[in-house]
Every structure is written in C-alpha cells, then in structure tokens.
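The structure under discussion appears below in the form of structure tokens.
Throughout, a chain's letter reflects where its sequence line sits, starting with A, and its residues are numbered from 1.
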Amino acid sequence: MTTQVPAPARGAAPGRNGRVGGGGLLDPRRLLVSLPSALVKLNPATLWRNPVMLIVEIGAALTTVLAILDPSFFAWAIVVWLWLTVIFANLAEAVAEGRGKAQAATLRAAKRDTTARRLRSRDSAEWDVVGAPELRQDDFVVVEAGEIIPGDGDVVEGIASVDESAITGESAPVIRESGGDRSAVTGGTKVLSDKIIVRITQKPGESFVDRMIALVEGADRQKTPNEIALNILLAALTIIFLVATVTMQSFAIHSKNINPGVPDSLALTGDGVTGVVLVSLLVCLIPTTIGALLSAIGIAGMDRLVQRNVLAMSGRAVEAAGDVGTLLLDKTGTITLGNRQAAEFVPVTGVTEEALAEAAQLSSLADETPEGRSIVVYAKDAYGLRERGPGELVNAKWVPFTAQTRMSGVDLDGREIRKGAATAVMKWVRDNGGHPTDEVGHIVDGISGSGGTPLVVADRDHVLGVVHLKDVVKQGMRERFDEMRRMGIRTVMITGDNPLTARAIADEAGVDDFLAEATPEDKLALIRKEQEGGRLVAMTGDGTNDAPALAQADVGVAMNTGTSAAKEAGNMVDLDSNPTKLIEIVEIGKQLLITRGALTTFSIANDIAKYFAIIPAMFAAVYPGLDALNVMRLASPQSAILSAVVFNATVIVALIPLALRGVRYRPSSASKLLSRNLYVYGLGGIVAPFAGIKIIDLLIQFLPGMS
Amino acid sequence: MAALFIASLVLTLALVHKPFGDYMYRVYTGDRHTPPERLVYRLIGVRPGTEQRWGAYARSLLAFSAVSLLVLYGLQRLQDRLWLSLGLPPVTDHIAWNTAVSFVTNTNWQAYAGESTMGHLVQMAGLAVQNFVSAAVGMAVAIALVRGFARRNTDTIGNFWVDLVRGAVRVLLPIAFVGALVLVAGGLVQNFAAPHELTTLTGGTQSVTGGPVASQEVIKELGTNGGGFYNANSAHPFENGTSWTNWFEILLILVIPFSLPRTFGKMVGQVRQGYAILAVMATIALVSVTLTNVFELGGGATVPQAVGAAMEGKEVRFGVADSATFAAATTLTSTGAVDSFHDSYTPFGGMMTMFNMMLGEVAPGGVGSGLYGMLVLAVITVFVAGLMVGRTPEYLGKKIGSREIKLASMYFLVTPILVLVGTALAMGNEAGLAGLLNGGPHGLSEVLYAFTSASNNNGSAFAGLTVNTPWYDVALGLCMLLGRFLPIIFVLGLAGSLARQTPVPESAGTLPTHRPQFVGMVVGVTVILVALTFLPALALGPIAEGLLS
C-alpha cells in the first residue's frame with residue numbers, strides 16, 4: 001500500500017503548518033482513466049440516487065429527441081453540453097472512487113489465499129492444514145516465522161515480530177504478544193520471527209482487510225446524515241426551479257399571444273419557450289454544481305483520512321468529527337513524549353551540581369531504560385560530561401535495576417553509586433549507616449509537588465542529590481490546544497497519574513481540563529457527562545478496557561496496535577497508532593463539512609448571473625425593454641443560452657480538484673471562518689459566473705448559428 | 001414629509017416593541033389563568049394544565065379552524081334568516097366559501113363589497129370574531145415554534161387552547177379596545193344607524209351605511225387581517241379619515257409582528273437572538289418601504305412624470321408618500337388592508353408590493369406567521385451557510401438534521417408552488433383570462449398579484465382583476481387554505497422535532513446567530529431565494545411593464 005499512497009500526503013503531518021491540504025492539481029490522465037466508469041454511471045438506475053443529476057439526464061434525453069425532430073446547430077450544441085454536464089458529474093464521483101480503487105487493489109494482493117494450520121484444540125499439539133476461508137471464530141491456529149497470518153485474531157500464546165506493511169504501509173516490524181494490549185494480529189500480515197498461537201476472532205469473509213477494501217472502494221457507502229439532509233434541500237430547490245420554469249411556459253405563451261406582431265424566435269414561439277431553451281434554463285437553475293460534486297466530496301473526505309492511514313468505518317463518524325466538542329487525549333504519547341526525561345540535577349548542600357551530574361551519569365551508563373538514557377543525555381548537554389560506554393570502565397561492576405531493589409547503579413573505584421526511587425535509596429543509605437538529612441525529603445517533595453518524578457542519587461552512606469525527571473510535553477502542543485480552543489473544542493487530558501502531577505502537566509500543555517487517576521469507568525462516565533451536555537466526544541484508545549468508552553464516544557479512534565475488542569468498539573482505526581492524529585481527524589471532518597457548505601453556497605449564488613443571461617435571451621424579442629437585463633452584453637440569444645449551459649457544465653470540472661482536496665481550512669473561530677468563506681464562495685459565486693459566461697460568449701459567438 | 005412619517009413610525013416601534021414583547025412573553029409563559037379564561041376552558045372542556053405534543057396541537061388547531069370555517073359559511077348563507085341582516089340576501093355559495101376561508105386563514109381577501117353584501121351580524125359575529133381568533137392562531141403557532149427552540153428533551157410544545165385564548169383575551173382584546181377609542185376620537189364611525197340617503201352633487205342619491213366601523217378597523221390592522229368594513233377598505237374616509245389615523249393604523253399593523261422577536265428572544269433566553277431576527281425584519285422592511293416610496297415619488301410612466309409623482313389611485317388626503325408607506329406595510333405584513341390602489345402603482349412600485357408578499361411575508365409578516373416564517377428562513381440559512389463553519393448546522397443549539405430541513409423545505413415550497421401554479425393555470429384557462437382588465441404585461445401582473453396575495457394570506461389585490469367569479473373564488477380559496485394550513489402543520493412538526501433535542505452548548509466553533517454577519521446572511525438568502533423563484537414571472541409582468549418605455 002505504501003507505493004499507492006502519494007508520498008507527500010502521508011509524510012506531511014498536515015496539522016504541523018496549521019492547515020489540512022495535500023493533493024494537487026487534477027491529473028488529466030486520471031480524468032481519462034475514470035471516463036469509462038463515468039459513462040457506466042449514466043444508467044438511470046444508478047443515477048436515481050442523485051435526483052438533481054437525474055433531472056439533468058432526463059432533460060438531456062428530452063432535448064436529444066427535440067434536436068432530432070427539429071435539428072439545428074444550436075440545439076445540438078445544447079444537447080452535447082447537457083450530456084457533458086451529467087458526464088462531468090459522474091466523472092467527479094468516478095475520480096474520487098478511483099483513488100480508493102487503487103488502494104483496494106493492493107489490499108486484495110495482500111489477501112492472498114493462504115492456508116492455515118488449525119489446531120485440533122487449544123492445548124493440542126496436532127494441527128490440520130485448512131484453507132484460510134474455512135476458519136471460524138474461536139479456531140486456534142499456529143503461525144511460525146515466514147508464514148502469513150490466516151485471519152484476524154488475538155495472540156494467545158507466544159511472542160513474535162510481525163510485518164504489517166501490507167496493512168499499514170509501515171515497513172518496520174511490530175511486536176505481537178499474548179496478553180496485554182498488543183495481542184491483536186491482522187490477517188494477511190506476515191510473521192517474521194518466532195511462533196505464536198492465534199485465536200481467530202473474525203467471521204469468515206469479514207476480516208479487517210475485507211472491511212478495508214469495502215471502505216476504500218466505497219462499495220457500501222451510505223449517505224451520511226448531513227448528506228441526506230443536504231440532498232433534501234437540493235431536491236426542494238430543484239422542485240422550486242422545476243415549478244418556476246414549467247409555469248413560466250404559461251406566462252410566455254400569454255405574453256407572446258398579446259404581442260402578435262412579434263415574429264417567432266429560436267427561443268420563443270406561439271407555443272411558448274422552445275423545449276431546448278426551457279430545459280437549458282432549468283438545468284442552469286437547479287443546483288447542478290453541488291449536486292454533481294456532493295458524493296465526490298464525501299468519498300474524498302474518507303479518502304483524506306485513508307491517506308493519513310486512518311480508516312473510518314462510516315462516513316457518519318467523519319461528519320461527527322467535525323462536530324466534536326470535547327477531545328479526550330491520553331497523556332502519554334499524545335501530550336507528552338512517551339517517557340519521562342531528566343530535566344534538572346538538584347544537589348544537597350555541600351555537593352556541587354557537577355559532582356551530582358557525574359554520579360548520576362555514572363549510575364546510568366548501563367541503564368538502557370529511556371529514563372536512564374535521558375540522564376546521560378542531559379548530563380552531556382547541560383554539563384558537558386562525555387558519555388562513556390560501559391566497556392570503557394573496566395573496573396566497574398554494574399548493578400542492574402530489579403523490582404526488589406528498585407534502584408540501579410555502579411560500583412567503581414570504591415564508590416557505590418545508586419540511583420532510584422526515593423524510599424528505596426534512602427533505605428539503602430540508612431542500611432549502610434548513613435543519615436539522610438531532611439533536606440533530601442524537602443527536595444523530593446518539591447519535585448513530586450511540581451508533577452515531576454524524583455530519583456535520589458546516593459554514594460553508599462550519603463545522599464548526593466536528586467534527579468528531577470519530568471514529563472516532557474511535545475513541542476507545539478500548547479499552540480495546538482490554543483487552536484482547538486479557538487475552534488470551540490475542549491481538550492481533556494486523561495492520565496493515570498495522581499491529581500498533583502496531572503495538574504502540573506495539564507497546566508504546562510495548556511489543556512482545558514484533566515482526568516487524573518483515570519480508570520476505564522471514569523472515562524466512560526466523563527464521556528456520558530459531556531454527551532448529556534450536548535457535546536460530541538472524540539477519544540483514542542487501544543486496550544480492551546477502553547472498548548466501552550470507545551463505543552460510547554461519538555468518534556472513537558482505536559489504535560491498530562490495540563486489541564481486537566478496541567478495534568471493534570471504535571468507529572475509526574488509526575493504522576499508525578498515533579494518538580495525536582485525533583486532532584487531524586477533527587480538522588478533516590470540519591473541512592468536509594465546509595467544502596459541502598461552500599459549494600452549496602457557490603452553486604446557488606451562480607444562479608443570479610444565469611438569469612441575467614437567459615431571461616433577456618428568451619423574452620427580449622417580445623419585450624425589448626428586457627434587453628436592459630442583458631448586463632453582460634452577450635452577443636445573441638443563442639450564444640447567451642449556450643454560454644450559460646457551457647459555463648454550468650465546465651464549472652463542475654473546474655471544481656473537481658477543490659471537491660477532492662477540500663477547501664482551505666485554517667483552524668479559527670466560526671465567525672472568522674464564515675466571513676472568509678462567505679466572501680470567497682458567496683460573493684465569488686455571484687461574481688464568477690458573470691465573468692465566466694461573458695468569456696465563453698466571447699469565444700462561441702463566432703460559431704455558426706450563434707447570431 | 002415622507003422621511004418624517006417613516007422616522008416617527010420607526011421611533012415609536014423602537015420604543016414600544018420592548019415592553020410589549022416582554023408583556024407577550026409573560027402572557028405566553030405564565031402559569032396563571034384569569035377567571036374569564038377558566039370559564040372558556042370549562043365551556044370548551046379543556047384542561048389548561050395539560051401540554052400537547054405537536055400532533056395534538058396541530059389537530060386542535062385544525063379542528064378549531066374547520067369549525068370556524070363552517071360557522072362562518074353558515075352565517076353568510078343564512079344571514080337573511082338571522083338578525084341585523086340589513087335586509088341583505090344570503091351570500092352566494094362561492095363568495096361565502098371564499099370569504100369564510102379568507103377570514104379563517106387571516107387572509108381577509110374580499111371578493112365582495114363589504115357594505116352591500118354582509119349584514120352587521122355577519123360582520124360582527126362572523127368576520128370580527130375571526131379577525132381576533134385567526135390572528136391568535138397565528139401567534140399561537142409562532143409561540144409553539146419558539147418553544148421548540150427553547151425547550152429540551154420534551155415531546156410537548158404547549159397547549160393550543162391556552163395559547164389561543166391568551167392571545168385573544170390578553171393581547172388582542174385590550175389593545176383593540178383602546179385602539180378603537182383612539183380611532184373613534186380620530187373620526188371613525190361606530191354606530192348601528194340605518195343607512196343615510198344622500199343626494200350627490202350630480203343629483204343622484206347615494207346610500208351611506210354606518211356601522212361598527214372603528215371596532216372592526218382596529219382589529220383589522222392589529223391582527224394583520226385587512227378585511228375592510230367597506231369595499232374601499234382603508235381608503236374610505238369612515239375607515240381611515242386623516243393622515244394621522246393613517247399613521248396610527250400603520251402602527252397597529254406593525255406593532256405585534258415587530259414585538260414578537262423580543263418575545264422570542266426572551267423565551268429562548270437570549271435577547272440578542274431576538275434582536276438579530278428583528279434586525280433582519282427591519283432591514284428588509286426599511287429597504288422595501290424606501291424603494292416603494294422612491295418608485296412612487298419618482299414616478300415611472302408618462303403621466304406621473306408630468307405631474308411629478310404617481311397620484312393615480314391614491315387619496316389626496318394621504319398623498320403619495322403616506323400611501324406608499326401604507327402599501328409597503330400592508331404587504332410586508334399579511335394585512336392586505338389598502339388605503340390606495342396598488343393596481344395603479346408604477347410598475348416597479350407595484351412590483352415591490354408583490355415582492356414583499358413573495359418574501360413569504362416575513363418582514364415583519366403577519367401576527368405570528370411573520371415570526372415563524374422568518375425562523376424557518378433562519379433555519380434554511382443556517383443550513384446552507386452554517387456548514388461553512390465546519391460543523392453540521394445548528395440554530396440556537398438545535399441540530400438542523402434531515403427531519404428539520406425536510407419540514408423547513410416543505411414550508412418554503414408551499415407558497416411559491418401555489419402562487420406559480422395558480423397563476424399559470426389562470427393564464428392558461430379561459431375562466432382565468434376572462435377576469436383580466438388590462439392587456440399587456442399588466443394583465444399578468446394582476447393575476448400574479450392575486451395568487452401571491454391569496455397564497456401568502458395577505459388579502460390585498462390589484463383591483464383591476466375581476467375575481468368575483470366562481471373560478472377565482474374557488475381557486476383563490478384553495479390557495480388561501482393550503483397556503484395557511486400546510487405551512488402551519490410543517491412549522492408545528494418542526495417545533496416538535498426541535499423540542500425533543502438536547503441543545504448543543506455554544507462554543508467558539510458555533511455559528512454565531514446574533515451578529516450583523518448572520519443578519520446579512522438571512523437577508524441575503526431570503527431575497528436571493530425569492531428572487532430566483534419568481535424572476536421569470538416578474539420579468540414578464542411588472543419588469544417588462546417597467547422597462548416598456
């Protein structure tokens with residue numbers, strides 16, 4: 001899948017520069033490739049889902065008949081452009097679907113027919129070889145290095161490194177082990193080392209890959225609630241314009257009959273406005289632009305998520321993401337870097353900082369935990385102490401960390417340096433006959449109080465000082481949360497830390513609220529409380545005990561590394577397992593809705609210019625005064641009507657890239673967003689067609705039959 | 001003078017709308033029932049404490065209106081056998097149907113000449129009663145919709161009978177009583193005297209009928225009804241004697257519709273939301289009044305240019321400006337009373353009166369109907385433009401989902417379809433064309449005006465059209481009936497579905513609906529949608545006529 005996903009879209013973390021973007025100009029080749037499926041979509045049986053375009057197609061068919069009965073260059077030109085209008089609309093949808101099809105193809109390749117070694121029972125050592133499709137839920141299979149995992153399931157025994165690149169596009173292998181939150185494996189991925197026993201959790205034919213294929217292909221794409229609502233409004237507008245044009249016929253006949261001296265024109269005869277012109281007017285008035293692009297916008301929104309390696313199980317979830325009012329963010333990994341880091345050396349009286357730094361560094365040289373590494377790095381950065389490899393110090397006897405001693409260190413040249421949890425080290429000092437002063441206690445309390453973790457460093461019978469380990473808030477998080485606040489989204493940090501620590505980090509990161517010592521029940525209760533207040537809640541989770549909360553949240557993003565239960569409960573899966581992505585998901589949801597609104601506004605605003613083109617073209621012959629409405633000074637009635645129809649069709653193609661990419665979105669307050677979009681798509685929608693129709697008219701007035 | 005006339009009206013409304021809006025808020029939200037109200041509830045067998053779901057509310061409303069329709073029809077058909085008929089014969093069936101529908105729907109379209117068709121009993125026990133209750137019905141619906149926005153997690157939207165009775169007893173009656181005294185002081189007639197026989201200057205005889213005119217007049221304007229005691233309506237000196245009664249009548253027309261947004265703001269707990277709706281109404285109204293004045297004072301045709309202004313069809317005692325302002329006020333609301341003849345207006349001036357009605361009569365609209373119409377337009381605006389803030393649309397914390405937009409769309413569809421289909425049928429049908437007085441585009445304008453007026457429950461007319469024929473009586477009657485009650489059903493449905501919701505709390509991500517930005521948007525969406533719908537018809541009627549020269 002890596003090869004199919006455009007590199008810039010994946011690499012660029014869109015939030016980083018404050019906007020969701022990506023995608024570029026539309027490649028003409030993609031239009032061409034999608035053309036056959038666009039033509040297939042002309043079938044009324046499929047087009048009926050889009051009432052606006054169905055009306056256009058019926059109109060196109062009607063004008064074709066009229067043009068055959070009474071041929072003229074003008075009539076045929078209109079016929080061609082009306083059909084093009086429908087085809088362009090289908091093309092938009094086909095192009096949007098095309099992106100997903102490519103991804104589906106790679107996924108299908110991953111879904112090779114594999115065989116499985118099915119154990120006769122959980123504890124049996126014997127197995128039968130069966131085809132992967134024959135596996136049922138709660139079967140047990142054994143998979144060894146080099147084999148493909150035959151279906152989705154949980155590891156119940158063993159540990160293995162697994163290549164999941166077929167699903168995630170990430171080439172580095174991941175560890176999967178029984179128990180805990182990393183037990184889920186996906187069918188189609190490959191075991192690289194060791195041997196695991198997997199309990200199958202999927203039903204046949206409903207594997208994760210099957211669902212992914214269905215999702216990216218849009219095979220079972222359901223209209224989302226807002227899309228349904230928008231379709232209702234578009235249908236209502238279509239009905240209004242249908243009534244307006246059909247009833248106009250009666251007024252036109254009357255007007256023509258009371259002015260018997262006026263000769264018949266191409267647009268108006270004694271029988272009223274000619275069919276071709278009437279259909280042209282109708283097609284120009286009904287909201288074809290948004291009608292044509294609506295489903296493409298929805299597909300593209302899902303697709304933008306897929307490009308960021310997020311799978312939305314339903315379009316409803318994407319829409320809900322735009323409405324999210326509260327974000328629940330796990331502290332570790334989302335707000336802070338995964339591990340605590342040394343941030344300060346606090347020596348006791350009589351010890352220099354350098355001495356403490358040196359001792360701390362020595363005690364950590366062989367300590368491969370992230371905390372230990374961070375002490376070495378900090379000693380180097382802040383005090384210029386060169387890192388020494390454990391091999392350099394030949395006399396050193398390294399004391400590793402154990403759960404019993406709760407400290408680690410080194411015995412070197414008669415020194416016995418230890419570092420570890422305050423209580424453990426102090427006890428060790430006392431046991432060695434030392435008497436730690438109250439000062440140590442004060443330093444330790446001070447660090448704990450500020451949300452940090454104190455590590456006491458001692459040399460046999462005296463304490464040297466304390467290392468201050470801190471949760472390091474990821475860079476740029478405060479800005480992101482400020483942004484969220486401007487967007488009206490409340491951020492709540494979830495952590496297992498005690499309230500004191502939690503508050504310190506929450507203040508530093510700039511979140512609005514925090515939930516300390518959080519249990520899964522607390523999380524669920526918090527979500528319910530927010531929802532009762534009418535807010536939509538988004539969260540990420542990976543563990544099985546997150547599942548109830550994920551299911552309760554309006555947007556529940558399960559990490560791909562998580563358990564099957566979590567993935568089942570959420571309505572999105574993040575293949576990169578990056579909890580920060582929640583923020584991007586919200587932005588993509590908003591962008592989807594904005595694009596819909598902007599193009600709807602644009603589409604309706606366009607109608608004004610079209611009236612100014614077509615009304616004088618139809619009726620100036622009867623009432624010459626109406627020529628005053630021809631503000632664009634279009635060359636002739638024929639060229640005016642054709643220009644409007646051509647503009648109406650071409651604007652669809654011109655807007656396909658925008659529909660696929662989404663309108664530019666910068667997180668800001670609703671009011672600012674609205675002002676900007678109103679100017680661009682409202683005012684722009686009024687002005688643009690005046691210019692566009694005029695330009696087209698300048699070009700086509702030289703065609704035959706235009707005067 | 002025109003500016004002073006308009007400015008003094010604006011100032012008075014600005015002073016009055018707040019206390020009056022607050023008063024209506026207390027009327028509709030209070031728990032207390034006055035003794036006369038209790039008596040009414042006991043008589044009609046209603047328990048005033050019970051709340052109704054939207055379906056029950058709508059059924060009560062429809063049942064009440066159906067009974068009203070039958071009673072009014074019966075009174076007219078049997079008037080010769082009842083009292084105070086002034087010796088007039090029973091009203092013919094199609095006029096009786098048309099008139100009954102007209103008054104029950106708050107349209108007050110008059111296909112008849114009042115003084116020579118209806119006796120005092122019909123006028124007082126029939127028409128005047130409907131003037132009160134049909135107005136109270138409109139207000140009740142508006143209040144029910146506002147409750148939909150204000151309430152949360154409930155099935156009920158109030159009690160129709162309580163809303164109806166309170167609107168009539170506590171709002172309309174007291175003002176009508178005081179207003180009638182003011183109008184009598186202004187020289188309006190209020191008596192039961194027999195017709196006076198007068199000899200005219202040319203030696204002929206004329207019979208001048210008196211009657212309970214002032215009491216009819218006041219509720220005619222206050223309830224945005226518009227059905228005149230006399231055929232000449234408010235141009236008749238007994239109905240509207242002087243320039244200042246003219247001013248006072250315009251004030252009566254506008255006072256309830258312009259005060260209801262305040263009531264709305266109080267009920268939803270955010271006064272500024274009421275101000276935003278008021279601002280939308282006021283903006284459209286001021287632009288419309290100004291344009292109408294400009295077109296009439298500027299004149300547009302040969303004769304008006306020769307005399308300096310379009311005086312044809314206007315009373316000398318009012319002059320052009322006061323008449324134009326009255327015309328704008330009466331068409332912006334669903335009143336339809338006239339003190340001058342819109343048919344004689346300049347093409348563009350006449351178009352303005354038509355356009356005012358085509359807006360759906362929302363600026364400020366009829367009593368109640370203006371507010372609910374405007375709120376529906378706000379819902380549509382929120383839906384179209386609200387998406388552009390990146391959230392699914394919501395108004396006052398209530399989500400505008402598919403059910404809400406379906407009801408709002410159907411509301412919006414009803415009147416344009418009635419107007420356009422009605423006009424098209426008339427123009428394509430001999431019975432319809434027979435009524436035309438004028439050839440040329442003006443003939444189309446007359447028919448278009450008639451159907452616009454009926455479907456929007458306005459009731460004014462381009463008088464050139466002969467509508468007192470069975471075809472027009474039936475067709476326009478249907479337009480009035482459907483144009484009133486279909487939208488009401490949709491509005492009540494909307495109220496029901498809004499009341500059920502849990503409101504979304506406001507945040508920086510919420511579309512602010514109280515700022516000038518939103519006001520501008522609602523004005524824009526309203527004007528553009530209406531213009532797009534009616535432009536073909538207007539182009540072949542008034543616009544063609546105006547650009548004829």
Side-chain angles (χ1 to χ4, degrees), chain A residues 225-226 228-229 232-233 236 239-241 243-245 247-255 258 285 319 322-323 325 485-489 532-535 589-591 593-594 596-598 600-601 604-605 607-608 611 615 619 623 625-626 628-629 665 669-671 673-675 677-678 681-682, chain B residues 380 383-393 397 400-402 404-406 409-410 412-413 416-417 420-421 423-425 427-428 433 439-441 443-444 502-505 507-512 515 517 521 524 528-529 531-537 539-541 543-544 546-549:
Chain A
N226 176 257
I228 293 170
I232 292 171
L233 183 75
I239 293 172
I240 285 219
F241 289 127
V243 171
T245 34
T247 55
M248 189 186 69
Q249 193 66 305
S250 160
F251 314 150
I253 294 169
H254 172 76
S255 305
I258 57 173
L285 291 181
E319 222 163 64
D323 280 349
R485 202 166 299 119
R486 280 199 295 279
M487 288 157 66
I489 296 173
E532 265 160 34
R535 287 166 166 271
K590 286 197 177 293
Q591 197 192 23
L593 295 171
I594 294 175
R596 244 181 233 159
T600 307
T601 309
I604 297 172
D607 281 2
I608 298 171
Y611 263 134
I615 294 237
F619 299 126
Y623 297 122
L626 288 178
L629 296 182
Y665 172 65
S669 73
S671 201
L673 264 178
L674 184 62
S675 300
N677 289 324
L678 270 180
Y681 299 99
Chain B
I380 292 177
F383 188 82
V384 173
L387 278 173
M388 284 195 287
V389 304
R391 284 169 76 120
T392 55
I400 310 302
S402 38
E404 290 77 21
I405 201 67
K406 191 187 291 170
S409 296
M410 289 197 294
F412 185 78
L413 279 175
I417 289 180
L420 289 172
V421 172
T423 313
L425 287 178
M427 299 309 289
L433 288 171
L444 175 61
T502 311
V504 182
S507 76
T510 316
L511 169 76
R515 304 232 179 105
Q517 182 190 45
M521 249 161 48
I528 287 178
L529 275 185
L532 291 177
T533 309
F534 290 106
L535 204 61
L540 291 175
I543 297 179
L547 295 172
L548 209 53
S549 48

Looking only at heavy atoms and a cut-off of under 4.5 Å, which of A:Gly682, A:Ala670, A:Ala605, A:Gly534 has the most pairs with chain B?
A:Ala670

Distance alone, cut at 3.5 Å: any donor-acceptor contact between the side chains of B:Thr392 and A:Glu319?
no

Which bit of A:Ile608 comes within less than 4.5 Å of chain B, counting heavy atoms only: side chain, backbone, both or neither?
both

Does any backbone or side-chain atom of B:Met410 lie under 4.5 Å from a heavy atom of chain A? Answer side chain, backbone, both or neither.
neither

Contact part of B:Leu511 toward chain A, heavy-atom cut-off under 4.5 Å: side chain, backbone, both or neither?
both

Need one label for B:Thr510: side chain, backbone, both or neither, based on atoms under 4.5 Å from any heavy atom in chain A.
backbone

Mind running side chain to side chain contact (heavy atoms under 4.5 Å, CB included) on B:Met427 and A:Ile253 for me, showing each step along the way?
CA-CA 9 Å; B:Met427 299 309 289; A:Ile253 294 169; over 6 Å; no

First locate atom CZ of A:Phe619, then atom CG of B:Leu540, and finally report the distance between them rounded to the nearest 0.5 Å.
4.5 Å

Taking every heavy-atom pair that is under 4.5 Å apart, which of B:Thr423, B:Leu529, B:Leu420 has the most such pairs with chain A?
B:Leu420

For chain B, find which of A:Leu593, A:Leu233, A:Ile258 contributes the most heavy-atom pairs closer than 4.5 angstrom.
A:Leu593

Out of B:Ala539, B:Gly509, B:Ala537, B:Gly524, return the one with the most heavy atom pairs under 4.5 angstrom to chain A.
B:Gly509

Quick one: which of A:Ser671, A:Ser255, A:Ala598, A:Ala236 has the most heavy-atom pairs under 4.5 Å with chain B, could you say?
A:Ser671

B:Pro393 to A:Asn226 - nearest heavy-atom pair and separation
CD-ND2, 3.5 Å

Heavy-atom closest pair (A:Leu629 atom, B:Ile543 atom, distance to 0.1 Å) is CD1-CG2, 4.5 Å

If you round to the nearest 0.5 Å, how far is CD1 of B:Ile417 from OG1 of A:Thr247?
10.0 Å

Tell me if a side-chain donor or acceptor on A:Asn677 pairs with a main-chain N or O of B:Met388 at a distance below 3.5 Å.
yes

Proximity breakdown for A:Ile604 and chain B, heavy-atom pairs closer than 4.5 Å
both

Of all of B:Pro441, B:Ala531, B:Gly401, which one pairs up most often with chain A through heavy atoms under 4.5 Å apart?
B:Pro441

Counting heavy-atom pairs closer than 4.5 Å to chain A, which one of B:Ile400, B:Leu532, B:Thr502 comes out on top?
B:Leu532

For A:Thr245, which atoms come within 4.5 Å of any heavy atom of chain B: side chain, backbone, both, or neither?
neither

What residues form a side-chain hydrogen bond (donor to acceptor under 3.5 Å, both in side chains) with B:Ser409, not counting sequence neighbours?
none

Which bit of B:Pro503 comes within less than 4.5 Å of chain A, counting heavy atoms only: side chain, backbone, both or neither?
backbone

Based on non-hydrogen pairs under 4.5 Å, which of B:Pro505, B:Ser507, B:Gly428, B:Pro416 is most in contact with chain A?
B:Pro505

Proximal component of A:Arg535, with respect to chain B [non-hydrogen, under 4.5 Å]
both

Let me know if A:Phe251 has heavy atoms under 4.5 Å from chain B in its side chain, its backbone, both or neither.
both

Those residues that, when tested against A:Arg485, pass salt bridge (charged side-chain N to carboxylate O under 4.0 Å, His left out) (two or more places apart):
A:Asp482, A:Asp512

To check you understand the geometry: which heavy-atom pair defines the closest contact between A:Leu678 and B:Met521, and what is its length?
CD1-SD, 3.3 Å

Closest non-hydrogen atom pair between B:Lys406 and A:Ile232, with its separation:
CA-CG2, 3.7 Å

Heavy-atom contact with chain B under 4.5 Å, split by part of A:Gln249
neither

Chain B interface, residue from A:Ile615, A:Ile228, A:Thr600 that has the most non-hydrogen pairs under 4.5 Å:
A:Ile615

Answer key: most heavy-atom pairs under 4.5 Å with chain A among B:Val421, B:Leu413, B:Leu425, B:Thr533 is B:Leu413

